[in-house]
Amino acid sequence: MTLLQRSDWYDVARDTNWTPSFVSEADLFPPEMSDPFDMPKAAWAEYDEPYKVSYAEYVKVQREKDAGVYAVNTAAARTRFMEEAGQRWHSILKLHFGAVSLAESSSQISEGRMARFGMAPGMRNMATFGLLDEIRHGQTQLYFAHESLKHSPQFNFAHKLLGTQEWGAIMTRATLDDVFLGRDAVTTAIMLTFAFETGFTNMQFIGLAGDAAEAGDTSFSNLISSIQTDESRHAQIGAPLLKLMVKNGYKDEAQKAVDIGFWRTYRFFALLTGTVIDYFMPLEKRTSSFKEFMEEWIVGQFERTLLDMGLDLPWYWDFFLEDIESFHHGMHIGWWLYRDTVWFNVPAGVSPAERDWLESKYPGWNDSWGRLWSQIGENIRAGRTDLTVPKTLPVVCSFNNLPMVTDPSKPWAGKDQMLTYKGKKYYFQSHVEKWVFEQDPERYAAHQTLIDQFLAGRIQPPTYEGALNYMGLSPVERGKDAENFAWAFAGREPRTMAAE
Amino acid sequence: MKEGPVEQARLKTWSALAAQRRKPSEYEAVAFDTHFLNDYAQPGRSGPALPSLGPDTFVNRWYQKNLIDSPLRHDDWLAFRDPEEVTYRRYNIVQEGQENYVAEVLDRFSNEGHDAGLDAEWLTVLSRLYTPQRFVHHAVQMASAYAATTTPASTISHCYAFQSADALRAVSHVSYRTVELARAHAGFGFGEEERRHWEKSAEWQGFRELMEKALVAYEFGETFVALNLVAKPAIDEACVRQFGRAARRFEDSVLDLLSDAILKDSARSRAWTGGLVRFMAQKDGNMDLLRRWLAKWQPLGDAAIEGFCAGLPDGDRAAAAARQATREFRDSIGL
Ligand SMILES: [Fe+2]
Ligand SMILES: [Fe+2]
């Protein structure tokens, strides 16, 4: 064998910058699509992607990974598993595929933008593989969800959700449009590959894969851990860029992008992962609480990565550490109360044993969120399930469209969460959302929450039922209690309930 | 496409595909309408592409100008299908096999001392016309990656994405050979002079002009014409096919075989390019638009071929053959 090593020729393949003369540099790399900070060429020349791969290696490794994920002999086993898995596991899959499949697919746009407008050839090459990776992530997850249609029409939302005005979809788009579809190549590399992928996808894909393996869903576990191996490669597009920014005097710009990207991403994963890990997951299958995952992946690893890079912790870090104790509990109660506005059946996850678990992981839970659940349980046992569905739309954050939910044991810090811009009042989930808005009000002011759309008369008839239809939820797609309220009777007199 | 009913308890496919009569293929289930951006950003639709962000943000004005306001029109862009139905997993299966073949070629000929036997006249041609090719292929990689971000349907975007990766493959082959040639033959500038040739040598200025201009033709329709109907066919015919022919005459078997390998990727690109032209032809006016853009870009393509082939032995014949082949390709798809 006398083949060259990759390292023998790799540098030649990333020596592809040239000086244009038929068009201007500014046309070839418009700053708004490329590098808005106009960093010097010498700074860009320092870009060195840490994870190197050749085309030949890429197609070989990816072919092998897919062979594992699509293995024919697992198909039959999976059908059996799905038939026996409880509603709670189905709900986890429906939520995951709905929020994730088209989000990953759409991030092809982000990777393509970096592959075209990145100023360093190494960055462009890495992003070209990233572009292919995200095709993989969209396609494999859609494939799995499509195979699952035979188990429930709600799996249709894996493909449908992000094209609808369902409130979770509005939230997801608001986040993704801002952090990775609507940014230049440099900011995309920071917000998407560093804040979103380096910071959080580990938790969704490795954390959930661990729980999936516990739950016996080996093929889903393999699928998402295989996806994460791609993420951990292309997530490294941002780090060398941040390094050269800090070194060359662009730390403030880098820090601001990290602060915005991290916060928005955190909200998305608190909703998506926080609720699943602490409530949806069958108790006996749980490996860690959301807070423990956050402490391991974010507070442990990501914090160190940030500091090693010469960046600071985001200015809101103390508030963030408090917030991971409460925010997702509020979101979960929101999922459950508004269960007919989502595309999966929502497990309450608060049977007596689960309440004990929550109290042990989040001391004080019983006295705050637990009180609300006790009231709900009483209503159910009194036969008044009608009282558990609000039937009116909630007040939502003008910025991320999530219901405004606060820890019931704490006063609402209202005035830090409101502002008036050009005559319109905006309400924010927290002072951090407000801060992000203030960085670029014109970017965000026109965002239409579901409530804004309702007030604009776009929801007809202007009723709760009208809103459900507007959100794209047909009656068979709307969520119900995942366990037909059995949890409310656990440890009590057996009683039968009419199906919801 | 209209939403199909979902009331039946068991869906056979996505509701968005249910209205289509035939059973969807795996390709359709995983590639159809998978970018939520497309729901808004289609030529003729009212934007903005990213409704969460202000209509005047740079990115929304960019998509307004370069996609939504495109003069190309179609009633249902999402109905486009890649004729070869290339999914991600299929792409890697095919390309792994291709790359194994290439590795075999490289390995075998290097064991046989292939490069030591290359003729000095040919080595000069290689240093001027072959090793600088990494720039032209990289420009195609960049332009294709951009094009993937600015389409009205994910099925079009995926085709461009694979095309971008194919170009990175070509960059890799050229870079690999650059190092081998540099090790075997000092004094020809291998690994040193490529950028200078690309920026300054007469043979390259036509292709550099074509690619720099194609890279800034940001509008969806013009990108397609400049890149897939003019630049790529010109590069494939001149820099790959005709160059491979010349290699054969100078007994450079490695390049001869590498060229053929790359042309398989070109054939896949042409299949969907033709498919997209036929698809666009369903709407009156689109073919005229494509022809108008072609009238603007074809002279740049011809000049690029001419300039490049002038550096080849028997260059006139090569240029005529390359030019002719680009015309035949366009003829074959009705242009
Ligand atoms: Fe991904
Ligand atoms: Fe990713």
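Just so we're on the same page: letters track the sequence lines, and every chain starts at 1. Every value quoted in this text rests on a predicted model; they were computed, and no experiment measured them.
Of the N and O atoms on the side chains of Glu194(B) and Thr131(B), at least one donor lies less than 3.5 Å from an acceptor on the other residue. A donor and an acceptor atom, one from each side chain of Thr34(B) and Ser154(B), are located under 3.5 Å apart. Inspection of the Gln133(B) and His137(B) side chains reveals an N or O donor paired with an N or O acceptor under 3.5 Å. Side-chain atoms of Arg89(B) and Thr140(A) form no donor-acceptor pair, as typed in the model, at a separation below 3.5 Å.
Contacts between Asp33(B) and chain A at a heavy-atom distance below 4.5 Å involve backbone atoms as well as side-chain atoms. Looking at Thr128(A), the atoms closer than 4.5 Å to chain B (heavy atoms on both sides) all sit in the side chain, from C-beta outward. Contacts of Tyr63(B) with chain A are made by side-chain atoms alone, with heavy-atom separations under 4.5 Å and no backbone atom involved. Contacts of Leu131(A) with chain B are made by side-chain atoms alone, with heavy-atom separations under 4.5 Å and no backbone atom involved. Both the backbone and the side chain of Ala103(B) come within contact range of chain A, judged by heavy atoms closer than 4.5 Å. Both the backbone and the side chain of Val30(B) come within contact range of chain A, judged by heavy atoms closer than 4.5 Å. Of the two parts of Ala145(A), the backbone and the side chain both hold a non-hydrogen atom closer than 4.5 Å to a non-hydrogen atom of chain B. In this structure, the portion of Thr178(B) lying under 4.5 Å from any heavy atom of chain A is its side chain and not its backbone. Of the two parts of Asp11(A), neither the backbone nor the side chain holds a non-hydrogen atom closer than 4.5 Å to a non-hydrogen atom of chain B. Both the backbone and the side chain of Glu209(B) come within contact range of chain A, each with at least one heavy atom under 4.5 Å from a heavy atom of that chain. Contacts between Tyr91(B) and chain A at a heavy-atom distance below 4.5 Å involve the side chain alone, from C-beta outward. Only the side chain of Arg183(B) has a heavy atom closer than 4.5 Å to any heavy atom of chain A. Interface remark: Phe117(A) contributes side-chain atoms only to the contact with chain B (heavy atom separation under 4.5 Å). If you measure heavy-atom distances from Ser107(A) to chain B, you find no contacts under 4.5 Å at all. In this structure, chain B has no heavy atom under 4.5 Å from any part of Gln448(A). Both the backbone and the side chain of Ala115(A) come within less than 4.5 Å of a heavy atom in chain B. Heavy-atom distances place the side chain of Phe58(B), and not its backbone, under 4.5 Å from chain A.
Each of Leu132(A), Val69(A), Asp66(A) has some count of heavy-atom pairs under 4.5 Å with chain B, and the biggest count is that of Leu132(A). Counting heavy-atom pairs closer than 4.5 Å to chain A, the top-ranked of the candidates Lys213(B), Arg195(B), Gln95(B) is Arg195(B). The most heavy-atom pairs under 4.5 Å with chain B, out of Tyr55(A), Phe129(A), Trp9(A), come from Tyr55(A). Among Gln205(B), Arg208(B), His158(B), the residue with the largest count of heavy-atom pairs under 4.5 Å with chain A is Arg208(B). The residue among Arg183(A), His159(A), Lys65(A), Arg443(A) with the most heavy atom pairs within less than 4.5 Å of chain B is His159(A). Note: Ala174(A) leads Ala446(A), Ala169(A), Ala174(A) in heavy-atom pairs under 4.5 Å with chain B. Taking chain B as the reference chain and counting heavy-atom pairs below 4.5 Å, the highest number among Met114(A), Glu32(A), Glu104(A) is found for Glu32(A). With chain A as partner, the option from Glu26(B), Gln141(B), Glu180(B), His173(B) having the largest number of non-hydrogen pairs under 4.5 angstrom is Gln141(B).
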Point to revise | Chi angles and distances behind the side chain to side chain contact (heavy atoms under 4.5 Å, CB included) call for Phe36(B), Leu176(A) | key: CA-CA 11 Å; Phe36(B) 55 81; Leu176(A) 306 189; 4.0 Å; yes
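For Phe207(B) and Trp198(B), the ring centers sit 6.0 Å or farther from each other.
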